[in-house]
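See structure below.
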Amino acid sequence: MLQQTPVVRVLPVWHEWLKRWPTPAGLAGEPAGEAVRSWGRLGYPRRALRLHAAATAIVQDHRGEVPDTYAELLALPGVGSYTAAAVAAFAYGRRETVVDTNIRRVHARLVSGVALPAPALTEAEMRLAAALLPDHDETSVRWNAAVMELGALVCTARAPKCAACPVRDSCAWLAAGEPPPSYVPKGQSWHGTDRQVRGAVLAVLRLAEAPVPPDMFQREPADLGFAPEGIGVPLAALHRLNSAPEQLGRALAGLLADGLAEMHDGGYRLPA
DNA sequence: AACACGTGGGC
DNA sequence: TGCCCAAGTGT
């Protein structure tokens, strides 16, 4: 849930999930669509699908227990190098090189003296993080958490709180006179994109009690001749986008291809 | 290696 | 207001 999503926005959903599914077996025992529905508006709903798939793999391959090694975690759906290291370190106390966006930024400034880390994670960054990691297991876990928190709370992307930074005296970036970034980060476009249409379609499917016929996506609500049960609001939002038929088609095809939707009785629904 | 993939808070 | 960006991953 935390992948590319701020902690404060994850917390309420996370609490709900753990109340409903305290164990991997609980989640694995439900349809994948329930995971997507319960994901709510967290964003990147494919993560819900993968979390469900990971729960299933944990039940099938690990006796329902979340594995405790980096390699086994990495093999789970939706678990990449960051998540595998973070779970091994923070849940199991292992010494792992945890590198998230916060740690990357702290290292870039404090050690490398640049305003921002590279656009994509590099081998050099991993080597640096590994070299900085304390040898002792417990200390390494605290180190990972501390550097991550420093980045999240003090050494932030915009307007870093250098005056309040506990390690400002050893910051290479401050010492260099706070040089600006050497590149301009690529903005994520949104308005008018397939992503926006996918999001609007999925918002409809999350609330739908029955398969949604293609007509309902493509025609104005007024033309349907009736008020769609429960999905009027997201459906109106989708139509407001006024996307071209081919774009809507791409969005629907993409959702099917990703397993976020499936056809049933001639309509679209979340996966069973 | 570059790109696609959601959403909402903050400035 | 629009833009930036957030505990990344898979292709």
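Since the model is a prediction, treat every value here as computed from it, not as a measurement. Numbered from 1 within each chain, the chains take letters A, B, ... in sequence-line order.
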Quiz item: CD of A/Gln196 versus C1' of B/dC5: gap in Å, rounded?
Solution: 14 Å
Practice problem: Whole angstrom is fine here: how far is it from CZ in A/Arg195 over to P in B/dC3? | Solution: 13 Å
Self-check item: Heavy-atom pair with the smallest gap, counting every atom of A/Gly78 and A/Gln3
Solution: O-NE2, 3.1 Å
Quiz item: Can you tell me how far CZ of A/Arg46 sits from CG of A/Leu51, rounded to the nearest 0.5 angstrom?
Solution: 15.0 Å
Quiz item: What integer distance in Å separates A/Leu153:CG from B/dG10:P?
Solution: 14 Å
Quiz item: Got a second to check how far A/Leu76's CG is from A/His62's NE2, nearest 0.5 Å?
Solution: 5.0 Å
Quiz item: If we take the P atom in both C/dA7 and B/dC5, what is their distance in whole Å?
Solution: 23 Å
Exercise. Could you check how far CG of A/Leu42 sits from C1' of B/dG8, rounded to whole Å?
Key: 11 Å
Practice problem: Please list, chain by chain and in numerical order, all residues satisfying salt bridge (Lys or Arg N to Asp or Glu O under 4.0 Å) with A/Glu125, sequence neighbours excluded. | Solution: A/Arg104
Quiz item: Can you check the A/His191 NE2 to B/dG8 P distance for me, whole Å?
Solution: 12 Å
Quiz prompt | Interatomic distance at P, B/dG6 relative to C/dT11, whole Å | solution = 14 Å
Self-check item: Residue pair A/Trp21, A/Glu30: steps toward the side chain to side chain donor-acceptor pair (under 3.5 Å) verdict
Solution: CA-CA 10 Å; A/Trp21 298 306; A/Glu30 298 234 22; 3.0 Å; yes
Quiz item: Atom CG of A/Leu260 to atom P of B/dA4: distance rounded to whole Å?
Solution: 17 Å
Self-check item: Working for side chain to side chain donor-acceptor pair (under 3.5 Å), residues A/Glu72 and A/Thr69
Solution: CA-CA 5 Å; A/Glu72 289 173 305; A/Thr69 67; 2.7 Å; yes
Exercise. Determine the minimum heavy-atom distance between A/Ala145 and A/Phe90, stating which atoms define it.
Key: N-CE2, 3.8 Å
Self-check item: Distance, nearest 0.5 Å, that separates CD of A/Gln218 from NE2 of A/His239
Solution: 8.0 Å
Quiz item: Is there a residue in residues 199-206 of chain A whose heavy atoms reach under 4.0 Å of DNA chain B, and which residues are they?
Solution: A/Gly199, A/Arg206
Practice problem: Using a 4.0 Å heavy-atom cut-off across all strands, classify A/Arg41 as base, sugar-phosphate, or nothing. | Solution: sugar-phosphate
Exercise. For the pair A/Glu96 and A/Asn144, evaluate side chain to side chain donor-acceptor pair (under 3.5 Å) and give the outcome as yes or no after the intermediate values.
Key: CA-CA 9 Å; A/Glu96 300 287 348; A/Asn144 282 325; over 6 Å; no
Quiz prompt | A/Trp39 CH2 - B/dG6 P separation (whole Å) | solution = 11 Å
Quiz prompt | A/Arg250 CZ - B/dA4 P separation (whole Å) | solution = 11 Å
Quiz item: When every nucleotide of nucleotides 4-11 of chain C is labelled 5' to 3' by its protein contacts under 4.0 Å (heavy atoms), B for base, S for sugar-phosphate only, - for none, what sequence of letters results?
Solution: BBBBBSS-
